[in-house]
J.: 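Here it is, the structure in full.
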Number of protein chains: 2
Amino acid sequence: MRTSRRPGASVCGLDAAMDVIGGKWKSSILWALNEHACRFGELRRLLPGVTEKVLASHLREMEADGIVHREVYDEVPPRVEYSLTPLGVALNEALAPLGVWGREHLLGGRDDHHSTTGDRG
Amino acid sequence: MRTSRRPGASVCGLDAAMDVIGGKWKSSILWALNEHACRFGELRRLLPGVTEKVLASHLREMEADGIVHREVYDEVPPRVEYSLTPLGVALNEALAPLGVWGREHLLGGRDDHHSTTGDRG
DNA sequence: CAGTATCCCACTTGATACTG
DNA sequence: CAGTATCAAGTGGGATACTG
């Protein structure tokens, strides 16, 4: 998958940011983790439709990008918790206006089940 | 290509917005048009690496999404100018924090040749 | 539970050539 | 100049099965 950034890209910060959140489910993962740390299976349940492979890939990329923290607990049964790093929190906040724009202009400003739990629309 | 939105997606405004700017060159096109209206060939020159086909596809999608306006002048030689609609301007503004985030945290806050021409990093 | 390993396909993107 | 048509390729994402 994406081992390095797009060749020749990232001439400006926006391109770099788009690369970080470019995965199909990354913004959803970000939103989910914004509320509280989640275990792998919990994320899978929160994101209906995502496969284990894709979820794992995205999480590894987001961890490599420094926006997600992976905490492993040596227990049985095994437990791993994912949470946002301060960088991830900042990214989520930077994403907020975009979510508002989408809700206002694309969804006709109608309400949805996320709008009261966060500020991302 | 993308005739409709991602099936089953757009549960929140952010997903919808991500779909609109999901194309590889769309954010760059947005940035280019933010400064002034551009002709097709001008955009091609401003975006080294993009092919005519992809540029045309992106422009048609962005026009369909209501963020780009296409003005045709019946002259010879033919002239077509692309510009941002108010919606596109709003999108660009909503994108600004993301560009700042990327420049601050991904590019190490270093300057680049865009940072003085706009607010997107 | 929390992943990895394969295989596969659709879609996006790219290269090139051609047209109004 | 401003595209469209065709062909080719690369990648992300999905389905399924298996492992520590």
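Here is how names work: the chains are called A, B, and so on, in the same order as the sequence lines, proteins then strands, and each is numbered from 1.
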J.: Let me know the distance between CG of Asp74(A) and P of dA2(C), rounded to the nearest Å.
T.: 13 Å

J.: What is the distance from NZ of Lys24(A) to P of dC9(C), rounded to the nearest Å?
T.: 18 Å

J.: Please confirm whether the shortest side-chain N or O distance from Arg79(A) to OP1 or OP2 of dA2(C) is below 4.0 Å.
T.: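 No, because none of the side-chain N or O atoms of Arg79(A) sits under 4.0 Å from OP1 or OP2 of dA2(C).
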
J.: Calculate the interatomic distance between Glu61(A) atom CD and dG3(C) atom C1'; express it in whole Å.
T.: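 Value for this atom pair: 16 Å.
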
J.: Any side-chain N or O of Arg70(A) under 4.0 Å from OP1/OP2 of dG3(C)?
T.: yes

J.: Rounded to the nearest Å, what distance is computed from the CE atom of residue Met18(B) to the C1' atom of nucleotide dG12(D)?
T.: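 Atom CE in Met18(B) sits about 14 Å away from atom C1' in dG12(D).
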
J.: Look at His58(A) and dG12(D) and indicate whether a side-chain polar atom (N or O) is within less than 4.0 Å of OP1 or OP2.
T.: no

J.: Using a 3.5 Å cut-off and no angle test, enumerate the donor-acceptor pairs between side-chain atoms of residues 41-49 of chain B and protein atoms at least two apart in sequence or in another chain.
T.:
unit_1: Glu42(B); atom_1: OE1; unit_2: Arg39(B); atom_2: N; d: 3.2
unit_1: Arg44(B); atom_1: NH1; unit_2: Glu52(B); atom_2: OE2; d: 2.9

J.: Dot-bracket, 5' to 3', for DNA chain C please: Watson-Crick or G-U pairs under 3.5 Å, [ ] where pairs cross earlier ones, | where the partner sits on another strand, dots elsewhere.
T.: ||||||||||||||||||||

J.: Nearest of dC1(D), dC1(C), dG3(D) to any side-chain atom of Pro77(A)?
T.: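 Comparing dC1(D), dC1(C), dG3(D) against the side chain of Pro77(A), the answer is dC1(C).
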
J.: Does the protein touch nucleotides 4-9 of chain D at the base, only the backbone, or not at all? Give it as B, S and - per nucleotide, heavy atoms under 4.0 Å.
T.: B-BB--

J.: Should Tyr82(A) be listed as having a side-chain N or O under 4.0 Å from OP1 or OP2 of dC1(C)?
T.: no

J.: Ignoring backbone atoms, test whether Arg39(A) places a side-chain nitrogen or oxygen under 4.0 Å from the OP1 or OP2 oxygen of dC1(C).
T.: no

